[in-house]
Amino acid sequence: MATSQEKATLSPTASGNPISSKTSAAAMATVIHPVLDPLSDSPPSATTKTTAATPVMARAQTCHPLDPLMAAEIAVAVSTVRAAGKTPEVRDSMRFIEVVLVEPDKNVVALADAYFFPPFQPSLLPKTKGRPVIPTKLPPRQARLVVYNKRSNETSIWTVELNEVHAATRGGHHRGKVISSKVVPDVQPPMDAEEYAECEAVVKDFPPFREAMRKRGIVDMDLVMVDPWCVGYHSNADAPSRRLAKPLIFCRTESDCPVENGYARPVEGIHVLVDMQNMVVIEFEDRKLVPLPPADPLRNYTAGETRGGVDRSDVKPLQIIQPEGPSFRVNGHFVNWQKWNFRIGFTPREGLVIYSVAYLDGSRGRRPVAHRLSFVEMVVPYGDPNDPHYRKNAFDAGEDGLGKNAHSLKKGCDCLGYIKYFDAHFTNFTGGVETIENCVCLHEEDHGILWKHQDWRTGLAEVRRSRRLTVSFICTVANYEYGFFWHFYQDGKIEAEVKLTGVLSLGALQPGEVRKYGTMIAPGLYAPVHQHFFVARMDMAVDCKPGEAFNQVVEMNVKVEDPGKDNVHNNAFYPEEELLRTELQAMRDCNPLSARHWIIRNTRTVNRTGQLTGYKLVPGSNCLPLAGSEAKFLRRAAFLKHNLWVTAYSRDEMYPGGEFPNQNPRSGEGLATWVKQNRPIEETDIVLWSVYSLLHRVTTFQVVLTISL
């Protein structure tokens, strides 16, 4: 089964490689048997001894400042906010969209890594005369809550300080303290799975809807699938004064078939608008009777014999073991592997977050690469102007949440080998705490040849296998599955990869109808053309210790030498660099004609040849939005208009379309507005926003082959 491969990489530059030039051999373990038990980590000890070399304070903290919130902390935060409600009606109306860690200032993280948590790195802090003064404890952890009031239709943001959270786990009183709260006007927060389920039930119980389905030959509502979609923002009718959804309708053929692909039978022509605050249908119209696509055994993803075919029987078992265990080591959320170290985090919106990425480079010690790496937004605009497809432009992170839609990974097809899993904790809509077990997977992979050379004179050959460390999670957003992977390589490269799979969101056609905005894939069934956009936010710190801001971004383009005395053979070309000095100058696009790429450099550190060290951003194949410049979805997604943005770091600038893209009436909120400040980005704490895209024009049936971006 062929796959399309497109990769985006962040790699040390040849001219400024912060990684040692010598590559060690890395042979993969013999492939024999799968390992059944996950790797158990070693929690940090409650007390530590102070040594002359590394003064370490005994501490009460059991969580690193960047560790995701524990289930008990989430429960305390929710209880604290609910208790702060002024009346019983207010408390009963609270719905909890998300509860996340308030990430502390970078200097607090440095202090924690230096003296409070293994592997204890005092070199992270500036040297002082005499013995350093170390505080006895770190600042308390804080939680940030987004709360929707179902009675008043208001959204509020709360900050809660978490103290003595352990009391809650013993059944005692919580010890949270409200630090701040504010109502955010004119916004709608992300939708929740509980709302989706309630919306489906409301629509299926609506008499005019049942009559419309009866006209299409459907009387069993158990066959009907109602997928609520956020309405986006197309006109004042979509204003956030109401919480709205416009569902898409699909219909299965067998109610007792749990793996039937109902998305292969879209129900066209029915317009439904639901008030999600009050859970009532406020608009309904049966506009057009389009026949349901006929039943087709190829639509399902069950075993081959159930679809008139056979499964492959000639594939021999492929088993992976590491008899001496993995090469990585895990302490809480701290990971060490092949000179790399970093911390793993997780949020309901972004899913996987990678913190404090650094490389241990021999005598040069710990060399930072990035403060924080994550995918912060995802937009999927469809290219069919017909109803309902023109409204399909989902913001899957900002309207739903990638982390909230993650699912438990199981050994086998999802992850292979010796695996360390991490659980994720969330609040549900009513404030309860839910846990996704085995949500994040950490494992090693053989990755083919890292380096090889054969001397043609002697016939002697040398080869080095490549091994990489992969951290990943997978989420399901309606019909699509998205796998997010961060790969760390032995040569110092970091690669971000997104894999798209699942099934398609399809449309139905009238008999004899053909649409140029998609591909007919079965009788009466077509797949609209669409794009997938992913935004990676990279808070960089190349060779910068905490408190240092010595990074800059340089754009590299290959130039063709003009004919003349310097190019008498007309073969000359050379790289030319341009320093990006301000935010407006750093709104950049890919250019394959000049092999354009960007380098994040440290202006104070050089390699052994005297050149500035740096990391090169290689965006891979890419494209800009193919819709017209006045497309409605671009009001909320102006950040898609460029492949690269660079901004000065600001802790409040986290999401490229603003925090609340759902029904957002404000044009250009987020990145497009922030860069108008035109802040300097030379020798500054900088953030790169890299936009990757994929054009999905379907040429096969609706089961999506895995596509790598």
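For the single chain, residues carry numbers from 1 onward in sequence order.
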Asker: Whether the side chain of Asn336 engages the backbone of Asn341 through a donor-acceptor N/O pair (distance < 3.5 Å, no angle test) should be reported.
Answerer: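 No.
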
Asker: Looking at residues at least two apart in the chain, or sitting in another chain, which of them share a side chain to side chain contact (heavy atoms under 4.5 Å, CB included) with Ser123?
Answerer: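 Per chain and number, Ser123 pairs via side chain to side chain contact (heavy atoms under 4.5 Å, CB included) with no residue.
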
Asker: In chain order, what residues pass the side-chain hydrogen bond (donor to acceptor under 3.5 Å, both in side chains) check against Thr435, with sequence neighbours excluded?
Answerer: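 With sequence neighbours excluded, Thr435 shows a side-chain hydrogen bond (donor to acceptor under 3.5 Å, both in side chains) to His425, given in chain and number order.
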
Asker: List the residues meeting side-chain hydrogen bond (donor to acceptor under 3.5 Å, both in side chains) with Arg343, not counting sequence neighbours, and say none if there are none.
Answerer: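 Listed in chain order: His64.
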
Asker: Glu462: what forms a salt bridge (Lys or Arg N to Asp or Glu O under 4.0 Å) with it, not counting sequence neighbours?
Answerer: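 So Glu462 forms a salt bridge (Lys or Arg N to Asp or Glu O under 4.0 Å) with Arg464.
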
Asker: Output all residues satisfying ring-ring contact (aromatic ring centres under 6.0 Å, His included) with His443, sequence neighbours left out; order by chain, then residue number.
Answerer: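 So His443 forms no ring-ring contact (aromatic ring centres under 6.0 Å, His included) with any residue.
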
Asker: Mind checking side chain to side chain contact (heavy atoms under 4.5 Å, CB included) for Ala197 and listing every partner two or more places apart, or none if nothing turns up?
Answerer: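 Applying side chain to side chain contact (heavy atoms under 4.5 Å, CB included) to Ala197 gives none.
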
Asker: Which residues satisfy the side-chain hydrogen bond (donor to acceptor under 3.5 Å, both in side chains) test with Asn551, sequence neighbours excluded?
Answerer: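 Partners of Asn551 by the side-chain hydrogen bond (donor to acceptor under 3.5 Å, both in side chains) criterion come out as none, since no residue qualifies.
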
Asker: Which residues satisfy the side-chain hydrogen bond (donor to acceptor under 3.5 Å, both in side chains) test with Glu103, sequence neighbours excluded?
Answerer: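 Partners of Glu103 by the side-chain hydrogen bond (donor to acceptor under 3.5 Å, both in side chains) criterion, ordered by chain and then number, come out as Tyr355, Arg372.
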
Asker: For Asn602 and Thr613, indicate whether the former's side chain and the latter's backbone hold a donor-acceptor pair under 3.5 Å.
Answerer: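 No, Asn602 side chain to Thr613 backbone: no donor-acceptor pair under 3.5 Å.
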
Asker: Once ring-ring contact (aromatic ring centres under 6.0 Å, His included) is applied, do any residues pair with Phe473, and if so which ones, sequence neighbours excluded?
Answerer: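 Result, ring-ring contact (aromatic ring centres under 6.0 Å, His included) vs Phe473: Phe346, Phe484.
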
Asker: Quick one: ring-ring contact (aromatic ring centres under 6.0 Å, His included) partners of Trp598, sequence neighbours excluded?
Answerer: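 Partners of Trp598 by the ring-ring contact (aromatic ring centres under 6.0 Å, His included) criterion come out as none, since no residue qualifies.
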
Asker: Under the rule for side chain to side chain contact (heavy atoms under 4.5 Å, CB included), what residues qualify as partners of Lys452, not counting sequence neighbours?
Answerer: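 Side chain to side chain contact (heavy atoms under 4.5 Å, CB included) list for Lys452, sorted by chain: Ile449, Val463.
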
Asker: Please enumerate all residues that pass ring-ring contact (aromatic ring centres under 6.0 Å, His included) together with Phe429, with sequence neighbours excluded.
Answerer: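 Applying ring-ring contact (aromatic ring centres under 6.0 Å, His included) to Phe429 gives none.
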
Asker: Can you label the angle between the His530 ring and the Tyr382 ring as parallel, tilted or perpendicular, going by 30° and 60°?
Answerer: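 Parallel.
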
